[in-house]
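Notes to accompany the following structure.
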Amino acid sequence: MRHARFAALTLSLLALVSAHAEEPGTDRPYADYYKQLGPAKAADPEDALRILMCLEPASKSDALPADLALEIRDGDHRMPIPLDAKHCFELPANPEWVEHKAVLHKNTAMKLRAGVGISGRLPKSTSLSYAELTASVPAYQRVIASQGLLARMVMPAAKGVQIEFEPTVTQSLVVHAPGSDQRYATDAKGEIHLPYDPALANARVELSAMPKEIGPDS
């Protein structure tokens with residue numbers, strides 16, 4: 001996932017979990033993350049969104065350790081948090097960890113910076129309903145609303161869905177809308193920008209291939 005490049009697809013959401021430079025050390029209270037993560041997850045009960053935190057060195061002259069690892073430490077319990085190839089991870093929203101004063105442990109004392117991105121869940125099939133394909137749009141709007149006035153002021157409204165494919169082959173999308181089909185094709189970047197229209201919720205959608213990424217498009 002190319003978080004930095006696709007701003008409309010994976011949004012830098014400072015109001016959700018503020019990007020921060022960690023103090024030297026290995027632990028950070030899980031409660032610091034849950035303050036915004038809890039309301040965000042509650043606003044997305046269908047789990048239509050992926051809320052990712054992506055790590056990078058606080059100093060641009062540093063490189064992340066090759067063996068960088070994270071885990072939740074809840075008393076004697078240890079839960080590894082998987083990192084993807086871009087050093088991004090999804091953190092569960094668990095109120096019990098707050099009550100237990102759990103920490104997010106990293107195996108390095110290096111100062112890190114955590115940015116936040118939002119994307120949608122990939123479809124499970126190339127044939128699905130319009131509502132399923134665009135579920136990330138209303139979910140995103142609810143998540144933004146859950147973060148208070150500042151988030152609503154600074155974050156752009158989602159006007160549709162951005163769907164990313166491999167750019168080497170032209171792909172298509174057909175919405176079997178009442179009256180006539182709506183057809184879309186990928187642009188030079190391998191993307192389709194599908195406007196959001198809740199009136200089409202029950203329409204069937206056909207994708208020519210499974211996408212690489214999908215998410216709210218501003």
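Numbering starts at 1 and runs along the sequence shown. Note: hydrogens, waters and symmetry copies are ignored here, and every other heavy atom, side chains too, is used.
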Exercise. Can you tell if the side chain of His87 reaches within under 4.5 Å of the side chain of Pro57, non-hydrogen atoms only?
Worked result: no

Exercise. Can you check whether Gln147 reaches Gln36 side chain to side chain, under 4.5 Å on heavy atoms?
Worked result: yes

For this session: Indicate if Val103 and Ile81 have the same hydrophobic cluster label, given that clusters are the connected sets of ILVMFWY residues with side-chain heavy-atom separations under 4.5 angstrom.
Result: no

Problem set entry | Tyr196 side-chain N/O to Pro138 backbone N/O, donor-acceptor pair under 3.5 Å | no

Exercise. With side chains defined as the heavy atoms from C-beta onward, is the minimum distance between Ser127 and Glu206 less than 4.5 Å?
Worked result: yes

Exercise. His193 and Asp187: side chain to side chain contact (heavy atoms under 4.5 Å, CB included), yes or no, with the steps?
Worked result: CA-CA 9 Å; His193 297 266; Asp187 59 19; 4.0 Å; yes

For this session: Please determine, by modelled atom types, if Ser59 and Ser61 share a side-chain donor-acceptor pair under 3.5 angstrom.
Result: yes

For this session: Take Ile51 and Glu90 through the test side chain to side chain contact (heavy atoms under 4.5 Å, CB included) and record every step on the way to the result.
Result: CA-CA 6 Å; Ile51 300 175; Glu90 289 187 77; 5.9 Å; no

Exercise. If we ignore angles and hydrogens, is there a donor and acceptor under 3.5 Å between the side chains of Ser208 and Gln171?
Worked result: yes

For this session: Ignoring hydrogens and angles, tell me if any N or O in the side chain of Asn107 forms a donor-acceptor pair with the backbone of Ala69 under 3.5 Å.
Result: yes

Exercise. What's the verdict on side chain to side chain contact (heavy atoms under 4.5 Å, CB included) for Thr108 and Leu64, showing C-alpha distance, side-chain angles and the deciding distance?
Worked result: CA-CA 9 Å; Thr108 177; Leu64 290 176; over 6 Å; no

Seminar exercise, completed: Nearest heavy-atom approach of His77 to Met79 is NE2-CB, 3.9 Å

Problem set entry | Salt-bridge present (Arg183, Asp181; N to O < 4.0 Å) | yes

Exercise. With a cut-off of 6.0 Å (strictly less than), are more than 12 heavy atoms of other residues, nucleotides or ligands near CG of Asn202?
Worked result: no

Problem set entry | Value rounded to 0.5 Å, distance of CG in Leu200 from NE2 in His176 | 12.5 Å

Exercise. Heavy-atom distance under 4.5 Å between the side chains of Arg204 and Ser129, does that happen here?
Worked result: yes

Exercise. Side-chain contact, heavy-atom cut-off 4.5 Å: Val116 with Leu52?
Worked result: no

Problem set entry | Worked verdict on Thr186 versus Ile192 for side chain to side chain contact (heavy atoms under 4.5 Å, CB included) | CA-CA 5 Å; Thr186 49; Ile192 290 175; 3.7 Å; yes

Exercise. Taking the inter-plane angle between the rings of Tyr30 and Trp97 on a 0 to 90° scale, is it parallel (under 30°), tilted (30 to 60°) or perpendicular (over 60°)?
Worked result: perpendicular

Exercise. Salt-bridged, Lys189 to Glu213, with N to O below 4.0 Å?
Worked result: no

